[in-house]
Amino acid sequence: MLTLHLSENSSALSLPAEGKTLLALVAGQDKARLREVVAGKIAGKLVDLQSLPADGDEIFLVEAASEEGLSVLRHSAAHVMAEAVQAVFPQAKVTIGPAIKDGFYYDFDVEKPFTPEDLEAIEKQLKAQLKKGSTFVRREVERQEAIDLFRAMGEDYKVELINELPAGETISLYQSGKFVDLCRGPHLPDTSYLKGCVKLLSVAGAYWRGDEKNRMLQRIYGTAFASKEALQAHLFMLEEAKKRDHRKLGKELDLFSIQDEAGAGFVIWHPKGALLRTLLEDFERRQHLKRGYQIVMGPQMLKADLWKRSGHFDHYRENMYFTRIKEDASDSGEGQEYGIKPMNCLAHMLIYNSHLRSYRDLPLRYFELGTVHRHEPSGVLHGLLRVRCFTQDDAHIICTPEQLQQEITGILEFVAEVMNFFGFPYSLELSTRPEEKSIGSDADWERATAALIQALAENQLDYVINAGDGAFYGPKIDIKLKDALNREWQCATIQCDFTLPERFDLSYIGKDGEKHRPIMLHRVILGSIERFIGILIEHYAGAFPLWLAPEQVRIVTVTDAHNEYGAEVAKILRDADIRVEADFRNEKLGKKIREAQLEKVPYMLVIGDQEVTTKTVAPRLRKQGETLEPMRVEKFIAHLQDELKKL
RNA sequence: GCCGAUGUAGCUCAGGUGGUAGAGCAAUUGAUUCGUAAUCAAUAGGUCCGCGGUUCGAGUCCGCGCAUCGGCUCCA
């Protein structure tokens with residue numbers, strides 16, 4: 001006998017195994033249910049519906065629309081696509097093709113990269129295969145048999161993969177149509193589940209095994225869903241995401257530009273963007289002063305020797321901009337070399353060292369909206385999200401070992417408050433020592449890592465470990481936020497550093513009258529102001545909340561006879577610190593409203609004969625064209641102030 | 001940095017197979033004074049990313065460079 005759970009709600013069934021496949025067992029109970037599920041789960045392991053459950057097994061079913069079900073569906077779609085690719089390009093060698101978040105990909109080794117036309121041809125072939133239909137057949141084979149098989153087919157990458165499988169590992173093959181692949185499974189019973197539910201999305205280069213030293217393969221991305229409708233909904237979502245693209249909105253809302261003649265990766269802030277940024281920075285200054293940080297400022301470049309001392313020259317040089325200045329014409333040498341700062345820590349340490357420090361002074365929390373330059377590879381630049389010059393909301397906390405936990409906790413709380421304020425959920429990662437290119441003793445790395453782990457534990461925070469992903473001078477906690485479209489972005493980071501205090505000989509006089517070495521925490525909350533604004537633009541789709549909107553109110557007059565009163569209203573609002581613009585153009589009201597709407601101004605004040613006569617304003621909300629009752633200006637100001645207070 | 005695609009007016013985009021460029025919006029001017037998402041008309045506007053090459057002739061073909069886009073690697 002075995003136990004079958006047909007669905008979460010129904011009670012478990014007790015059935016004889018009778019050598020029937022899972023598929024047959026489910027079909028025997030509920031034919032309709034069969035189309036909703038794509039795999040089984042026995043003792044936490046996913047299995048094919050085609051598999052034969054053993055006596056005593058307890059079987060749960062995996063629905064196509066569940067996370068695991070989608071992954072099975074997409075993995076199967078990847079196989080079908082690989083078959084299509086080899087049908088169109090018989091020489092193409094297959095490598096790996098997993099299911100990923102929102103879809104799947106498969107990497108191929110081909111002589112010539114795929115063109116967009118190739119992609120269309122492959123999709124056409126794929127659809128033809130789905131129309132024809134085929135089953136997925138699992139076969140378990142001996143290692144040598146698998147190697148021989150793939151070698152005979154010329155699939156060198158598969159041979160490489162098999163050779164690396166640990167001894168004793170079951171080697172399974174799946175065949176669908178003409179395509180055989182090395183695969184752990186499970187897969188769909190047949191390809192009918194995929195009909196109308198698969199879409200190929202893009203082609204891109206990708207390194208074999210993600211290593212840039214390896215050969216570049218051709219990757220095809222696609223996606224698959226449990227139903228045609230779900231696929232359509234996803235494709236619609238992608239279109240919506242495109243509309244929110246901060247590069248598009250940044251141009252439309254005239255916030256910023258990045259221009260060739262100034263240099264790639266250098267953001268030029270236009271008036272509205274610069275205002276938005278200033279508002280965000282003012283918010284940051286207030287938040288930091290509230291929490292006992294002191295605002296400091298350092299120079300844009302420092303002598304190269306200082307960067308050598310810090311280790312940046314050895315470990316970060318390829319990302320740094322340098323400049324040499326000859327002191328005067330008689331300077332026969334190369335002149336003094338300077339490094340433009342890629343990080344803000346050096347000046348902060350110099351500030352610390354400008355006095356003798358007592359344990360009574362600690363912790364010291366230096367905060368700087370520090371603008372840094374980093375020469376990022378050209379291929380990674382991306383709007384505001386990846387640039388070569390950006391401003392960090394950077395702080396360095398210098399404290400005693402006893403204060404360390406509390407300071408880390410304080411930062412974690414700070415992060416939580418700010419993320420809540422903006423409404424971003426987030427997750428935590430702990431990044432440990434990189435394998436190469438790092439400084440400091442093992443003991444210090446262990447101490448620093450332990451301190452971070454302890455702080456996470458004390459605050460009962462969940463996190464995942466990101467081995468080898470730390471900064472060159474210390475381990476870090478990275479905070480990843482999730483935006484309105486469920487995409488993750490790294491912003492905040494907390495780094496624990498025992499090394500730079502050593503290198504810069506930071507010290508304080510303890511209770512015992514002796515010199516001690518303090519510990520330094522590097523941390524950012526928003527991370528890069530540029531990146532954060534890029535995220536905010538996409539998160540709000542350009543419709544910023546009142547406190548951040550560069551323009552809060554637009555006055556729209558019906559005809560130019562109302563401009564005089566309109567100007568009066570504008571002045572009253574401006575005097576009340578409301579950011580207001582007036583549209584006095586000789587255009588029809590509808591057009592003025594349309595434009596204010598497209599510019600996503602939170603409030604419009606319509607002013608015509610009625611308002612002039614009754615000395616009121618008629619507010620219109622950005623939100624779906626809702627309007628408020630006409631009211632006196634003072635009342636409208638109170639309304640705005642009320643909304644701002646709710647922050 | 002690597003692979004591929006793209007680069008035409010301020011913006012969004014047309015311009016089979018080579019014969020010195022067009023539309024809509026925006027701008028300017030004029031008319032219109034019109035109450036909740038586009039009033040009408042006229043005018044002006046372009047080193048067709050840059051530099052070489054092929055050709056009688058290049059926006060169009062070739063090479064190199066720059067930039068952007070989609071990914072990979074890297075990262076705040």
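Lettering follows sequence order; numbering is per chain, from 1.
In the model, A:Q218 has no side-chain atom that pairs as donor or acceptor with a side-chain atom of A:Y106 under 3.5 Å.
In this pair, A:Y366 and A:H348 present their aromatic rings perpendicular. The plane angle is above 60°, beyond the 30 to 60° band.
For A:I607 and A:C491, each mapped to the nucleotide of RNA chain B holding its nearest heavy atom, the one lying further toward the 5' end belongs to A:I607. RNA chain B is contacted by both A:V387 and A:P113; A:P113 maps to the nucleotide lying nearer its 5′ end (nearest heavy atom per residue).
Between A:Y426 atom OH and B:A76 atom P there is a gap of 19 Å when expressed in whole angstrom units. Residue A:N319 contributes atom CG, which lies 12 Å from atom P of B:G1 at whole-angstrom precision. A straight line from CD of A:E530 to P of B:A76 spans 15 Å, rounded to a whole angstrom. Here B:C75 presents its P atom at 17 Å from CD of A:E488, a figure rounded to the nearest Å. Going from atom CZ of A:F266 over to atom P of B:A76 covers 18 Å, rounded to whole Å. Rounded to a whole Å, the CD1 atom of A:I268 is 16 Å from the P atom of B:G10. One interatomic measurement links the two molecules: NE2 of A:H315 to C1' of B:C75, which rounds to 18 Å at whole-angstrom precision. The nearest whole Å value for the distance from the NZ atom in A:K480 to the C1' atom in B:C75 is 10 Å.
The nucleotide whose nearest atom lies closest to any side-chain atom of A:L589 is, among B:A38, B:G35, B:A76, B:G35. Checking B:A26, B:U12, B:A37 against the side-chain heavy atoms of A:K251 singles out B:U12 as nearest.
Centroid-to-centroid, the aromatic rings of A:H522 and A:Y473 come within less than 6.0 Å. Here the two rings, on A:Y603 and A:H639, have centers that are under 6.0 Å apart. A centroid separation of less than 6.0 Å is found between the aromatic rings of A:F322 and A:F313. Proximity of the aromatic rings of A:F390 and A:H373 is defined here by a centroid distance below 6.0 angstrom, and this criterion is not met.
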Could you run through nucleotides 65-73 of chain B and give me one letter per nucleotide, 5' to 3': B if any protein heavy atom sits under 4.0 Å from the base, S if only the sugar-phosphate is that close, - if neither?
--SSSBBBB
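For the C1' atoms, the distance linking B:C48 with B:A58 amounts to 11 Å, nearest Å. For B:G19 and B:G63, the C1' atoms lie 24 Å apart once the distance is rounded to whole Å. To the nearest whole angstrom, the two P atoms, one in B:C64 and one in B:U47, are 27 Å apart. A distance of about 39 Å separates the P atoms of B:G24 and B:C56, rounded to the whole Å. Using P as the reference atom, B:U8 and B:G59 are 15 Å apart when rounded to the nearest Å. Rounded to whole Å, the separation between the C1' atoms of B:A21 and B:C13 comes to 14 Å. For B:A9 and B:A44, the C1' atoms lie 11 Å apart once the distance is rounded to whole Å. If you take atom P in B:G15 and the same atom in B:G7, they sit 11 Å apart, rounded to whole Å.
Pairing of B:U29, defined by two Watson-Crick or G-U wobble distances under 3.5 Å, is identified with B:A41. B:C72 is paired with B:G1 under the Watson-Crick or G-U wobble criterion, all donor-acceptor distances under 3.5 Å. B:G16 is unpaired under the criterion used here, namely a Watson-Crick or G-U wobble arrangement in which both key atom distances are under 3.5 Å. In this structure B:U36 sits in no base pair that meets the Watson-Crick or G-U test at under 3.5 Å. Under the Watson-Crick or G-U wobble criterion, with both distances below 3.5 Å, B:U60 has no partner in any strand shown. Of the nucleotides present, B:C11 is the one that pairs with B:G24 by Watson-Crick or G-U wobble criteria, both distances under 3.5 Å. Nucleotide B:U55 is matched to nothing when pairs are restricted to Watson-Crick or G-U wobble geometry with both distances under 3.5 angstrom. Base pairing of B:U6: its partner is B:A67, meeting the Watson-Crick or G-U wobble criterion (both donor-acceptor distances under 3.5 Å).
With respect to the salt-bridge test (charged N to carboxylate O, under 4.0 angstrom), the residues A:E595 and A:R585 qualify.
Taking only distance into account, the side chain of A:E117 never meets the base of B:A5 through a donor-acceptor pair shorter than 3.5 Å. Judged by distance alone, with hydrogens and angles left aside, A:R215 brings no side-chain donor or acceptor close enough to the base of B:C3 to form a pair under 3.5 Å.
Nucleic acid contact class of A:E587 (heavy atoms, under 4.0 Å, all strands): base. Within the nucleic acid shown, A:V606 comes within 4.0 Å of at least one base atom, counting heavy atoms only. Contacts of A:Q610 with the nucleic acid, taken as non-hydrogen atoms under 4.0 Å apart, include base atoms. Nucleic acid contact for A:K476: sugar-phosphate only, since backbone atoms but no base atoms lie under 4.0 Å from a heavy atom of the residue. Note on A:L598: a base of the nucleic acid sits closer than 4.0 angstrom, heavy atoms only. Counting any heavy atom pair closer than 4.0 Å across all strands shown, A:G608 reaches a base atom. Nucleic acid contact for A:A492: none, since no nucleic acid atom lies under 4.0 Å from a heavy atom of the residue. Using a 4.0 Å heavy-atom criterion, one finds that A:Q490 contacts the sugar-phosphate atoms exclusively. Contacts of A:E611 with the nucleic acid, taken as non-hydrogen atoms under 4.0 Å apart, include base atoms. Within 4.0 Å (heavy atoms only), A:D609 reaches at least one base atom of the nucleic acid. No contact: A:V556 has no heavy atom under 4.0 Å from any strand.
Distances shorter than 4.0 Å separate some side-chain N or O of A:K591 from OP1 or OP2 on B:A26.
In this structure, A:R74 is not positioned above the aromatic face of A:F104 in the sense of NZ or CZ being under 6.0 Å from the six-membered ring centre and within 45° of the axis. For the pair A:R291 and A:F414, the cation sits on the ring face: its NZ or CZ lies under 6.0 Å from the ring centre, inside 45° of the axis.
The side-chain hydrogen bond (donor to acceptor under 3.5 Å, both in side chains) contacts involving residues 264-275 of chain A comprise A:S257-A:H270, A:K272-A:E599, where partners must be two or more places apart or lie in separate chains.
For the pair A:R365 (side chain) and A:Y293 (backbone), a donor-acceptor distance under 3.5 Å is absent.
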